[in-house]
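For reference, the structure discussed in these notes is given below.
Counting starts at 1 for both ligands and their atoms, in listed order.
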Amino acid sequence: MAGRNRFNNISSKEWLPFQKSWYLETDLEETYRKNIRFFVKFDWEEHQPNIFFYGNSDKESLFKKVAKEEGAEVFTKIESLTGDTELQFALIDVLDEAGKIEDLKKLLQFNIKITALAKQLKNKIIHRRFISVFTKNIFSKNTYLPSAWDLSERVAEIYTLKDEKIACLQSQLNKESKHYFSTKQDYYYALYFRKDENSGLDYGQFKNSNFFKLNTQQSFFAAHKKPISNWHIIKPPRRNKKEVLHPAKFPEEVVELFLPFFTQKQDAVFDPMSGTASTQLAALRNQRNAYGTELSPFFYEISKERLQNFLKPEQQEIFDNIPKDVDFKLLQKDARTITKKDFPEIDYIFTSPPYWDMLNMVGAENQAKRIKKGLQTNYSNDEKDLGNITDYKLFIEELVHVYRNLIQLLKPGGYFTIVVKNIKKKGKNYPFAYDLGHLLQEDLILLPEVFWLQDDINLAPYGYGNTFVSNTFHQYCLHFQKPA
Ligand SMILES: C[S@@+](CC[C@H](N)C(=O)[O-])C[C@H]1O[C@@H](n2cnc3c(N)ncnc32)[C@H](O)[C@@H]1O
């Protein structure tokens with residue numbers, strides 16, 4: 001079993017599955033073991049591997065048992081780390097503690113305490129080795145507190161935020177409530193930070209933000225019956241020829257997951273960046289009215305065709321032949337210029353933005369494959385296309401500006417869902433989802449996020465033998481509500 005690679009002792013067969021950005025957790029022991037085996041190199045410079053663990057006493061015993069079986073020494077107290085003790089890995093598991101805190105102020109204090117611990121560990125952790133934090137967002141007293149995002153931001157001021165994995169638990173049924181969009185809270189975040197040359201530098205663009213500057217008012221939503229799981233594995237049907245032309249279409253099934261929670265029949269559903277009109281198709285096939293805009297004339301035409309085929313296959317002009325029981329309108333225009341006059345009052349906005357300028361990163365693997373097949377790799381070269389803004393901060397600001405403008409079309413109490421993911425670019429993690437969640441909280445009520453998990457893509461061995469880089473197969477469905 002002599003060192004198989006520079007980073008750890010596992011084979012490529014074991015490396016690959018660990019890189020999936022979400023996992024089903026049946027057994028915590030297994031999770032600890034996988035993390036230790038991934039982040040610890042056992043025959044490194046003939047030192048015995050030392051690792052640090054923070055967690056409640058039951059978890060501490062479990063972790064120690066696993067570490068012993070694997071051959072690593074565990075420290076659980078800062079004081080016992082003597083002058084020359086070097087750590088290869090640290091795992092801070094705050095799931096039990098954080099889960100019990102219901103008070104906002106106490107939660108903040110707790111996050112500050114954990115951040116201080118992470119800071120104390122910094123000079124003990126070996127350069128380019130990892131520290132992981134297992135944490136979760138908290139839904140307490142009808143208020144959603146994105147505690148994990150807050151902690152992530154704090155720890156990223158000390159280390160480099162490299163990655164995250166979503167641990168999916170088999171449904172733990174949460175208390176039912178008719179008063180808010182309630183989720184089962186059957187997941188947690190495994191956040192991964194690295195001590196490296198970039199640590200603490202230039203984290204995010206919205207530093208000093210306060211995730212708890214919350215609009216805590218939760219409105220009553222009558223149609224809501226049951227809590228929904230926080231994660232859903234969605235296997236979309238194969239895309240047809242026209243749909244494949246769009247580089248970032250989401251499956252209609254994702255929209256359909258939420259329609260029953262946030263809308264009723266005949267409600268108005270809207271997407272300002274429609275792409276191939278997946279939102280509108282899903283809305284129409286569930287007897288909701290469908291509205292939207294799309295900048296690219298190319299995708300606008302594809303949308304028209306898709307909707308045409310759906311609505312009345314024998315009719316050519318859908319815009320003149322809308323079935324009596326559903327209303328429909330799609331405009332080809334820049335989402336920045338939408339006004340109240342363009343559409344009726346909207347009940348539910350469902351949308352997914354360009355993921356910054358990632359489609360213009362031609363080196364990316366997916367792009368290379370599309371080029372080979374002669375397919376379009378970006379949405380357009382139009383400068384109005386938000387996917388062509390290269391500066392991250394500017395991109396977010398423009399996007400938030402579009403969303404803020406849309407709030408005027410949304411009826412009070414109406415819902416707003418954004419499908420988005422955090423972005424890894426040139427070795428850096430941009431918490432796009434957290435940033436949007438945070439910024440939009442100023443105008444909207446933040447509700448629990450739900451993950452759309454992808455399970456139909458082959459894993460690629462990024463970073464093999466050198467470092468941890470996950471394959472991001474989880475997308476955030478961020479939910480908001482307009483205050484009533
Ligand atoms: C992630 S894609 C949406 C995909 C869509 N949900 C689907 O399933 O086909 C983002 C879309 O935003 C559009 N877009 C970019 N900038 C825009 C703008 N300023 N106004 C309207 N649409 C824009 C792009 O053309 C692209 O189709």
Side-chain angles (χ1 to χ4, degrees), residues 234 236-259 269-285 290-307 310 329-339 342-343 348-361 364 366-367 370 375-390 394-406 409 416-423 432-433 436 452 454 472 475-478:
I234 295 178
R238 272 183 81 86
R239 298 163 67 183
N240 71 29
K241 266 192 191 158
K242 283 279 162 66
E243 291 163 14
V244 169
L245 293 173
H246 195 281
K249 180 197 174 316
F250 54 56
E252 283 74 26
E253 286 72 9
V254 181
V255 193
E256 287 178 331
L257 192 60
F258 303 113
L259 285 177
V269 178
F270 182 79
D271 187 342
M273 299 181 183
S274 302
T276 54
S278 314
T279 302
Q280 287 82 359
L281 261 181
L284 290 174
R285 72 185 188 199
Y291 306 99
T293 54
E294 166 58 42
L295 179 71
S296 146
F298 181 69
F299 294 122
Y300 174 72
E301 288 305 321
I302 292 179
S303 302
K304 240 168 58 174
E305 195 181 325
R306 287 188 78 203
L307 292 165
F310 171 76
K329 184 177 176 187
L330 190 66
L331 297 177
Q332 191 235 313
K333 72 185 284 181
D334 182 350
R336 281 178 273 219
T337 64
I338 297 169
T339 72
D342 294 324
F343 300 98
Y348 184 38
I349 299 173
F350 191 101
T351 189
S352 178
Y355 291 177
W356 186 14
D357 64 344
M358 290 310 281
L359 293 181
N360 291 336
M361 304 285 292
N366 196 31
Q367 259 78 318
R370 290 184 68 88
L375 293 170
Q376 204 163 326
T377 54
N378 67 358
Y379 304 126
S380 67
N381 294 323
D382 191 329
E383 60 176 29
K384 296 198 282 297
D385 183 332
L386 295 177
N388 290 330
I389 303 177
T390 49
L394 203 65
F395 162 71
I396 296 268
E397 279 165 0
E398 283 287 304
L399 185 61
V400 168
H401 178 72
V402 169
Y403 291 156
R404 288 211 169 113
N405 179 42
L406 290 179
L409 273 76
F416 193 156
T417 298
I418 305 170
V419 177
V420 73
K421 70 177 183 182
N422 290 339
I423 296 172
F432 183 23
L436 274 184
W452 152 33
Q454 295 164 301
T472 311
Q475 312 259 348
Y476 285 75
C477 302
L478 296 176

Determine, using heavy atoms of P353 and all atoms of ligand 1, whether some pair is separated by less than 4.0 Å.
yes
Provide the number and element of each atom of ligand 1 under 4.0 Å from a heavy atom of S278.
7 (C), 8 (O), 9 (O)
Quick check: does any side chain N or O of S296 sit under 3.5 Å from a backbone N or O of G275, one acting as donor and the other as acceptor?
no
Could you tell me, atom by atom, which parts of ligand 1 come under 4.0 Å of a heavy atom of S352?
1 (C), 2 (S), 3 (C), 10 (C)
Strictly under 4.0 Å, does any heavy atom of T293 approach an atom of ligand 1?
no
Find all atoms of ligand 1 within a distance of less than 4.0 Å from any non-hydrogen atom belonging to K249, and give their numbers and elements.
7 (C), 8 (O), 9 (O)
Ligand-residue contact atoms, ligand 1 with K333, heavy atoms, under 4.0 Å
20 (N), 21 (C)
Which of the atoms in ligand 1, numbered in the order shown and given with their element, are less than 4.0 Å from a heavy-atom of D334?
18 (C), 19 (N), 20 (N)
Structural part of M273 in contact with ligand 1, heavy atom criterion under 4.0 angstrom:
both
If the cut-off is 4.0 Å to any non-hydrogen atom of L386, which atoms of ligand 1 fall inside it?
15 (C), 16 (N)
Can you name the one residue among V402, D385, L295 that meets side-chain contact (heavy atoms from CB on, under 4.5 Å) with D334?
L295
S274 to ligand 1, any heavy atom closer than 4.0 Å:
yes
Find all atoms of ligand 1 within a distance of less than 4.0 Å from any non-hydrogen atom belonging to P272, and give their numbers and elements.
21 (C), 22 (N)
Of all the atoms in ligand 1, which lie at a distance below 4.0 Å from a heavy atom belonging to P354?
10 (C), 15 (C)
Is the shortest heavy-atom distance from the side chain of M273 to the side chain of F299 under 4.5 Å?
no
Which residues share a side-chain hydrogen bond (donor to acceptor under 3.5 Å, both in side chains) with D382, sequence neighbours left out
none
Measure centre to centre between the rings of F258 and Y348, then say whether the value is under 6.0 Å.
no
Examine distances only and state if a side-chain atom of S274 and a backbone atom of T293 form a donor-acceptor pair shorter than 3.5 Å.
yes
